[in-house]
Amino acid sequence: MFDRPLRREEIVTLGGGDPLLDWLAIAPDRRTAEQTQAIRRRYLTEVDPQFRAVESQLREVRVERDAFARTLPTAMVMEERVPARTTRVLSRGRFDGDGERVAAGIPVWLTPGVDRLPSNRLELAHWLFRDDHPLTARVAANRFWQWQFHEGLVGTPDDFGLHGQRPSHPELLDWLAEELRSGASPETRWDVKRFQRLLVTSATFRQPRPGSGPRLSAEAIRDQALAASGLLESRLEGPGVFPYQPTGLWEELAYDTRQFTAQSYRQSQGADLYRRSLYTFWKRAAPPPLFTTFDAPDREVCTAQRVASSSPLQALVLMNEPGLVEAARALAQLAGSRTNWAPRAAITEAFRRLLARPPTAAELDQLEGLYRDEEAAFQRDPAAARDWLHEHEPSTSPPQVLSSPGIKASPTAPHSVRAALACVAHTLLCLEETLFVP
Amino acid sequence: MSDTQPPNTPRTHAAANQLAARRLFVRNSTLGLGAIALASLCPRIASSQQADPAKLGRGVVQPLHSPPKAKRVIFLCQSGAPSQVDLFDPKPGLKDRHGEELPESVRGQQRLTTMTSQQSAKPIVASPWRFERHGRCGLELSELLPHTGQVADELCVVRSLYTEAINHDPAITFLQTGSEQPGRPGWGAWVSYALGSENETLPTFCVFISGGEPGDQPLNGRLWGPGFLPTRHQGVKFRSQGDPVLYLANPAGIDAARRRRLLDRLAELQRIHTQSAGDEDSVDAWIKQFELAAGMQTAVPELVDLSHETARGIDLYGEDARRPGTFAANCLLARRLVERGVRFVQLYHRGWDHHYHLPSKLPAKCRQVDQPAAALVLDLKQRGLLDETLVVWAGEFGRTIYCQGALTDGDFGRDHHPRCFSVWLAGGGVRAGAVVGRTDEFSYNVSENPVHIHDLQATVLHLLGIDHERLTFRAQGRDFRLTDIAGRVVPEIVRG
């Protein structure tokens with residue numbers, strides 16, 4: 001049965017006995033080291049009360065430690081392999097060939113005047129941030145300028161090469177790059193926040209723009225609606241969230257909803273529905289349609305610049321997306337409750353919150369006309385008013401949230417008034433001006 | 001270039017930069033011939049890119065590069081990779097070799113997946129199904145595809161497709177975007193970009209998914225995504241539950257009359273704003289999107305409403321056609337879409353990845369697809385649409401003729417096989433009743449007229465009147481095209 005001779009104690013154990021009893025019978029100075037150890041171990045773990053108490057304590061503390069360790073966020077890091085792997089040029093892709101041995105590095109012609117060339121990531125990082133590096137600061141400064149002014153000084157933010165565009169203001173770009181790199185003092189070298197403040201407090205930033213600016217990004221469109229309506233949850237940090245999304249989008253593409261992650265969409269609850277769009281969980285195979293409709297890239301490849309497109313699907317989103325509809329109702333609620341539901345005042349309040357200016361007389365007349373028409377219509381059809389105010393899923397889908405967590409009802413205004421004002425707010429959210437940078 | 005160029009006109013700016021770049025490159029380059037080649041390529045850079053159509057609906061390829069045969073495409077993508085030797089590529093000689101080890105000489109250096117590379121034996125599995133001849137052309141098809149056999153005279157079967165990709169995600173990405181790497185536009189996005197739309201109240205590029213069960217190969221939005229093309233060219237997914245198109249229906253409490261009133265007010269407000277801002281064009285374009293959206297709110301429900309179809313017309317596609325979300329139902333909708341001028345309809349039917357239990361799974365999968373696909377061809381023909389509509393039936397690669405797993409009397413499986421597989425095309429200028437290409441006696445290697453995926457793409461674009469080398473888009477400093485840097489039109493597929 002066994003492929004080697006058994007030791008005596010193994011035979012005894014297999015026979016159901018306990019070899020230690022035999023060993024205890026042997027005189028202590030005639031026992032082997034192994035036998036002595038075994039007896040000692042048995043005594044401590046099964047007999048000695050002090051040892052057992054401490055061991056039990058140790059077990060408990062380890063359990064605590066492991067539980068605590070699981071709460072710590074983990075990050076994957078990379079290390080250089082030691083020894084470094086031999087890398088050869090693969091002739092015609094033959095993995096078992098014996099081409100020339102090569103090492104990591106930057107092409108020499110990209111780094112004129114650098115005596116020690118980077119050969120690993122850390123050295124690459126150092127090289128990028130050398131004081132005489134011609135690109136890093138300029139590319140970064142241009143990118144931050146693009147964030148604030150919505151177009152870069154260089155129109156091709158990911159291409160500063162021969163095929164890219166020249167800077168519209170080369171001296172300004174150089175100056176900004178130097179500002180970013182050197183800061184106001186050694187402590188503020190490469191200080192991004194300081195640099196952003198420099199841009200947004202500048203006279204240039206405060207200049208009015210002739211005509212309208214570029215369209216807001218997809219995320220900004222949603223964030224703006226949430227902010228204006230008071231729904232925006234401003235909590236920072238933490239895991240990503242799952243705002244409103246039509247049902248089944250992940251499942252119809254999924255591999256196996258039973259056993260893999262990110263196969264089934266579980267909508268968030270409460271305040272998590274209203275966090276900044278930045279925190280939206282992003283599944284690249286099925287990115288959130290609200291955002292992709294407004295030109296958010298799927299993030300499978302790096303996209304340095306989005307190009308705003310125009311399509312009727314965007315209009316459908318603005319008209320019917322549940323989150324935006326809810327924001328419209330919330331905006332109406334906020335504006336109405338602050339102005340005691342006086343129509344012109346409430347309309348003006350909503351207008352100001354969203355568009356950062358008061359309506360002109362002509363605009364106010366139009367919006368008041370809209371309000372009066374809809375108020376009358378909702379009075380004739382109170383069921384529609386209730387539907388419009390409480391349910392925000394289209395009637396062909398099951399409602400995911402039966403009442404809006406972010407909106408507090410105001411008992412003083414009738415349904416028809418609140419519903420009509422919500423129509424006003426909804427129309428404001430569809431205005432072109434709302435979606436474009438002033 | 002001089003610094004006195006006005007900095008604000010992107011078009012001249014880009015062109016000026018390209019001229020400067022060209023001169024600088026030629027002067028400083030040590031590449032000699034390469035530099036001259038660049039100069040000859042440069043004029044092409046400006047061709048399709050800058051001709052951005054301001055009007056919605058028009059494509060960039062104006063005029064078409066060649067007389068088109070097809071105006072629209074219906075792509076029936078069979079995700080998971082159907083087995084060619086059991087369906088389209090008859091090898092009766094394999095019966096004598098059934099159970100024998102696949103000869104090394106046949107396999108050569110081809111890499112295998114890790115699923116079967118570790119197998120000690122790779123026994124040949126002859127197809128257990130019969131092949132029969134169909135139609136006047138005598139096309140040989142598996143008994144698993146009886147309905148497809150009935151439209152044999154319309155089909156062009158290509159048996160010599162091949163690809164490099166050996167696993168699903170890169171392979172289907174390659175089939176749909178021309179590259180195994182993500183980031184490029186889907187086939188339909190390219191066609192939308194090139195040709196624009198004939199019907200503005202329906203999406204130009206429509207996508208349907210059917211057939212998925214747990215464990216089936218997943219799909220990915222990039223397959224119908226816009227890549228670096230303008231976002232409006234992305235495929236619009238149609239759904240079988242809830243809104244057929246996302247966000248189509250008005251919220252509860254907003255009926256059609258109220259929506260109309262609100263849109264009218266919106267238009268008025270926009271007009272007021274224009275008078276002060278002075279940007280009439282942009283505001284008109286803005287309102288137009290809402291009007292088109294409102295149009296979609298009528299057109300899409302009309303599309304999916306089958307109440308005016310005859311019972312016989314629906315039954316042509318099989319009983320599944322009455323169940324929304326099935327391949328059959330989607331085929332019927334595809335026909336209705338092309339009737340309404342939609343440019344590119346992409347169907348995905350999942351579940352062909354038969355690594356195991358092929359003898360039971362393959363017939364079941366065929367039953368879901370055979371009748372509807374054939375019905376689509378027949379239906380288009382009867383309505384006089386087939387000449388202008390190209391139908392393509394294709395998976396991402398083929399399957400091995402050797403067994404994956406244990407070969408028993410009743411059961412076997414097949415692994416991935418990129419070196420040869422079969423697709424068929426119909427309509428739209430394709431040579432009907434024809435077979436293109438051949439594989440060796442093992443259905444393992446292409447022996448005649450190899451057709452690479454890029455070649456298939458080039459040929460389909462050609463049938464639409466597009467030169468695949470001239471339909472380009474500049475991104476990341478490079479001109480991209482669907483066929484990447486390869487592809488040739490396959491004359492044997494093209495009629496006439």
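Reminder, nothing fancy here: chain letters follow the sequence lines and each chain counts from 1.
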Examine whether an atom of [X] lies under 4.5 Å from a heavy atom of chain B, and if so say whether it belongs to the side chain, the backbone or both; otherwise answer neither.
{"X": "A:Asp295", "answer": "both"}
{"X": "A:His426", "answer": "side chain"}
{"X": "A:Phe378", "answer": "both"}
{"X": "A:Thr257", "answer": "neither"}
{"X": "A:Arg284", "answer": "backbone"}

Looking at A:Tyr255, A:Phe260, A:Tyr265, which one forms a ring pair (Phe, Tyr, Trp, His ring centres under 6.0 Å) with A:Trp250?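 Of the listed options, the one satisfying the test is A:Tyr265.
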**Asked** Are the side chains of A:Ile347 and A:Glu363 in touch, meaning some heavy atoms are under 4.5 Å apart?
**Response**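 No - every pair of side-chain heavy atoms lies 4.5 Å or more apart.
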Item to complete: For A:Glu432 and B:His273, test the side chains for any donor-to-acceptor distance below 3.5 angstrom and give the result as yes or no.
Response: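 No pair is found: no donor N or O on one side chain lies under 3.5 Å from an acceptor on the other.
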Check: Going by atom types alone, do A:Ser416 and A:Glu375 pair a side-chain donor with an acceptor below 3.5 Å?
Finding: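 Yes, because at least one side-chain N or O of A:Ser416 sits under 3.5 Å from a partner of the opposite role on A:Glu375.
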Can you tell which of [options] has the highest number of heavy-atom pairs within less than 4.5 Å of chain B?
{"options": "A:Ala254, A:Ala362, A:Ala383, A:Pro287", "value": "A:Ala254"}
{"options": "A:Val301, A:Leu370, A:Val424, A:Val317", "value": "A:Leu370"}
{"options": "A:Asp159, A:Leu428, A:Leu313", "value": "A:Leu313"}

